[in-house]
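In what follows, chains carry the letters A, B, and so on, assigned in the order in which the sequence lines appear, proteins first and then strands, with residues in each chain numbered from 1.
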Protein chains: 2
Amino acid sequence: MPTIIDVAKKAGVSIKTVSRVMNNQTNVKETTRERVHLAMEQLDYSPSDAARQLRTGKSLAIGMLYSDPSSGYQSRLNHAMMQACSDAGRYLVVGLFEEHGGSWQQQLEAFIERTKVNNIILVPPMCDSSILQEYLFNRGIQFVLMSPSHTAPKVSSVSMDDQMAAREMTQHLLDQGHKRIGHIAGDPAHIASFLRRRGYEEAIVSMGLPRPGNDLVIDGQFDFRRALAAAETMLSGDNPPTAIFAASDDMAAAAYMAAGRLGLAVPDDVSVVGFDNISIAGTIWPSLTTVAQPFDDMAAECIRILRNASSDDSSRPAPELVVVPHKIIVRSSCTAPAN
Amino acid sequence: MPTIIDVAKKAGVSIKTVSRVMNNQTNVKETTRERVHLAMEQLDYSPSDAARQLRTGKSLAIGMLYSDPSSGYQSRLNHAMMQACSDAGRYLVVGLFEEHGGSWQQQLEAFIERTKVNNIILVPPMCDSSILQEYLFNRGIQFVLMSPSHTAPKVSSVSMDDQMAAREMTQHLLDQGHKRIGHIAGDPAHIASFLRRRGYEEAIVSMGLPRPGNDLVIDGQFDFRRALAAAETMLSGDNPPTAIFAASDDMAAAAYMAAGRLGLAVPDDVSVVGFDNISIAGTIWPSLTTVAQPFDDMAAECIRILRNASSDDSSRPAPELVVVPHKIIVRSSCTAPAN
DNA sequence: TTGTATGCGTTATCAG
DNA sequence: CTGATAACGCATACAA
């Protein structure tokens with residue numbers, strides 16, 4: 001493995017100059033810079049993380065702490081985050097908030113002590129703790145909030161627009177000619193449920209249609225069984241909807257089952273759309289039209305923000321509030337209503 | 001942060017002695033060893049990974065390369081592996097085999113060059129490549145095979161026993177009194193499909209029941225739609241099974257839907273069991289009895305093997321062939337047959 | 001604009 | 001059994 005010394009020799013300069021070039025510092029003649037770059041390429045040189053880290057005390061690790069390792073959300077986020085880290089030449093160190101492991105702050109403190117990370121990603125529900133934010137801020141640790149319920153003033157955050165996504169999903173249904181669209185809502189405790197519901201209502205009202213009432217909007221609480229009951233109630237009513245928008249794919253699957261039980265075909269008798277794009281959504285039949293949370297892009301944004309922050313020596317860079325565009329995945333569970 | 005020097009001072013010894021104690025080396029008087037341990041505890045000392053790495057050239061990173069980032073299997077494995085790494089004080093670096101990125105060996109080579117990992121986990125389908133194994137072996141890189149189709153002679157591997165799991169799952173059905181049990185098999189291209197099917201047949205035959213024929217075993221190829229057709233065929237036949245064992249949870253979900261379409265209730269009219277324990281299995285209703293692949297334990301075993309291997313200075317340690325016990329998750333999709 | 005010299009916290013050599 | 005000291009590869013204070 002070539003070292004900085006080899007590069008310096010090859011380029012006919014001192015190691016300090018090579019160092020300057022590597023870190024994009026000023027005070028290097030342009031021709032010299034090029035010569036160094038050439039030498040680095042020819043030797044296929046890449047700096048040693050270990051040495052760098054030893055010298056600067058800054059780790060390339062990025063910490064992410066979560067509280068529910070079994071959730072599908074977290075699992076997919078991990079996946080995306082790992083990929084993003086890998087792409088950025090950094091690596092992810094994960095930690096778990098234990099139910100009975102003391103206060104969040106204590107656990108965060110212990111994690112930092114143990115791993116020595118100085119970049120952290122805070123995911124729900126921890127990202128909504130102002131205590132944690134305060135602590136990290138005071139300690140000078142760079143951090144990003146992932147999908148916080150409320151954006152904080154001085155802190156960078158990355159999220160998607162649940163409300164807009166729900167609105168577009170509903171619009172998609174309206175565009176196909178549906179006039180009566182049911183909504184199986186999520187757990188009201190989650191802010192996302194609220195936003196998705198609002199987006200759904202907005203789309204409908206903005207088309208001049210009446211605001212949907214209790215016959216069309218039922219709480220499913222992200223629970224399969226409740227959603228099943230909700231869908232059955234809707235579909236067996238007097239004036240059943242021609243389409244159902246479930247606030248999660250799990251609940252959309254429940255709508256599939258309710259339709260089957262009632263002898264209704266999806267999508268011919270009733271269209272169904274979901275939210276999440278869980279892995280089964282594409283393999284189930286008919287394949288489910290749904291909203292894909294842009295995990296990959298959100299992860300990449302988190303890493304980018306953290307990188308910028310730590311490369312910037314001068315104090316704290318301005319916080320960024322990034323909203324990543326989602327994607328509507330149109331598949332075959334949705335068609336124009338009969339007649 | 002205390003360093004080795006602080007510990008040495010506190011214990012009244014030289015740093016070399018502290019180093020010896022840390023690395024469990026010989027030639028230290030027992031009382032001295034204790035004194036050092038005490039000092040380390042009192043100072044809450046932990047060695048610097050960066051320095052260690054710089055000095056030894058050995059990275060704490062563990063590499064894992066995969067080819068299908070969107071698969072649920074991979075996503076769950078990642079998750080488990082990250083956790084295991086974190087627990088072991090190491091970290092995971094992931095890489096992706098690109099479809100058109102050159103041969104596997106070239107890509108593996110590039111990954112190693114770039115990340116400098118010297119511990120690698122090979123997952124399906126790469127774990128079955130003897131070329132890759134040979135390459136890593138010659139290069140002196142420690143590696144473990146994850147769920148290989150065939151265990152290799154000189155290489156450690158970690159897997160679960162698909163056949164045994166399928167056999168137990170089927171036995172569970174038999175124990176409840178089922179005599180006619182259908183099987184929706186997976187893609188014959190996967191060795192796991194074959195093993196699961198064999199386990200199913202074994203259980204049935206060993207009870208003195210006739211070996212199931214083509215009316216009871218249908219290929220679903222891990223495809224929802226095919227599985228749906230298969231389940232409908234079985235359940236609408238002359239002598240329908242009272243229980244269906246699907247080789248994946250996705251396909252079990254298809255069986256649910258087929259039952260619903262035919263006006264059959266799960267589990268009262270037909271029991272359904274699956275394989276994988278995907279996240280929806282517990283939330284769907286009735287919740288699905290299934291086989292849980294022991295991702296966490298398998299991941300932990302991989303890391304353990306790698307750790308042992310790299311701490312062992314003397315040549316190459318003996319390869320281990322670990323089979324991790326699986327778990328049958330009994331939920332509510334399965335009951336005794338009617339009458 | 002460029003170079004020299006020192007130290008980050010370990011491990012390892014070799015001499016007691 | 002123990003210890004002084006030299007690396008490992010990089011960044012930087014300081015000198016030129």
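Side-chain atoms of A:Thr115 come within 3.5 Å of backbone N or O of A:Phe111 as a donor-acceptor pair. One N or O on the side chain of A:Thr56 and one on the backbone of A:Arg52 form a donor-acceptor pair closer than 3.5 Å. Remark: the backbone N or O of B:Phe97 is not paired with any side-chain donor or acceptor of B:Ser67 at under 3.5 angstrom. Panel note: side chain B:Ser156, backbone B:Glu320; a donor-acceptor pair is recorded below 3.5 Å.
Residue A:Thr32 is classed as a sugar-phosphate contact, given heavy-atom separations below 4.0 Å to backbone atoms only. Using a 4.0 Å heavy-atom criterion, one finds that B:Thr56 contacts the sugar-phosphate atoms exclusively. Residue A:Arg55 is classed as a base contact, given a heavy-atom separation below 4.0 Å to a base. A:Lys16 comes within 4.0 angstrom of a nucleotide base, judged by non-hydrogen atoms across all strands. Residue B:Ile15 is in base contact, counting any heavy-atom pair closer than 4.0 Å across all strands shown.
Ion pair A:Glu30/A:Arg35 not flagged as a salt bridge, since none of the NZ, NE, NH1 or NH2 atoms sits closer than 4.0 Å to an Asp/Glu carboxylate oxygen.
Toward the 5′ end of DNA chain C lies the nearest nucleotide of A:Val28, the other residue of the pair A:Leu54 and A:Val28 mapping further downstream.
Nucleotides of DNA chain C lying under 4.0 Å from heavy atoms of chain B occupy a range whose first and last members, 5' to 3', are C:dG9 to C:dT13. Chain B approaches DNA chain D over the interval D:dC1 to D:dG9, counting the first and last nucleotide 5' to 3' with an atom under 4.0 Å from its heavy atoms.
Of the candidates A:Val117, A:Ile120, A:Ile121, A:Ile121 is the only one forming a side-chain contact (heavy atoms from CB on, under 4.5 Å) with A:Ile62.
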Dump the intermediate steps for ring-ring contact (aromatic ring centres under 6.0 Å, His included) on B:Tyr73 and B:Phe295, then the final yes or no.
-> CA-CA 9 Å; B:Tyr73 175 86; B:Phe295 287 104; 5.6 Å; yes
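For the residue pair A:Lys116 and B:Ser48, no side-chain donor N or O sits within less than 3.5 Å of a side-chain acceptor on the partner.
Taken to the nearest 0.5 Å, the CZ atom of B:Arg304 stands 14.5 Å off from the CG atom of B:Asp87.
At its two ends the helix from C:dT1-D:dA16 to C:dG16-D:dC1 runs along axes set 40° apart, each axis drawn from five pairs and the angle rounded to 10°.
A centroid separation of less than 6.0 Å is found between the aromatic rings of B:Tyr66 and A:His79.
In terms of heavy-atom proximity, A:Leu92 sits nearest to A:Asn78 at CD2-O, 4.3 Å.
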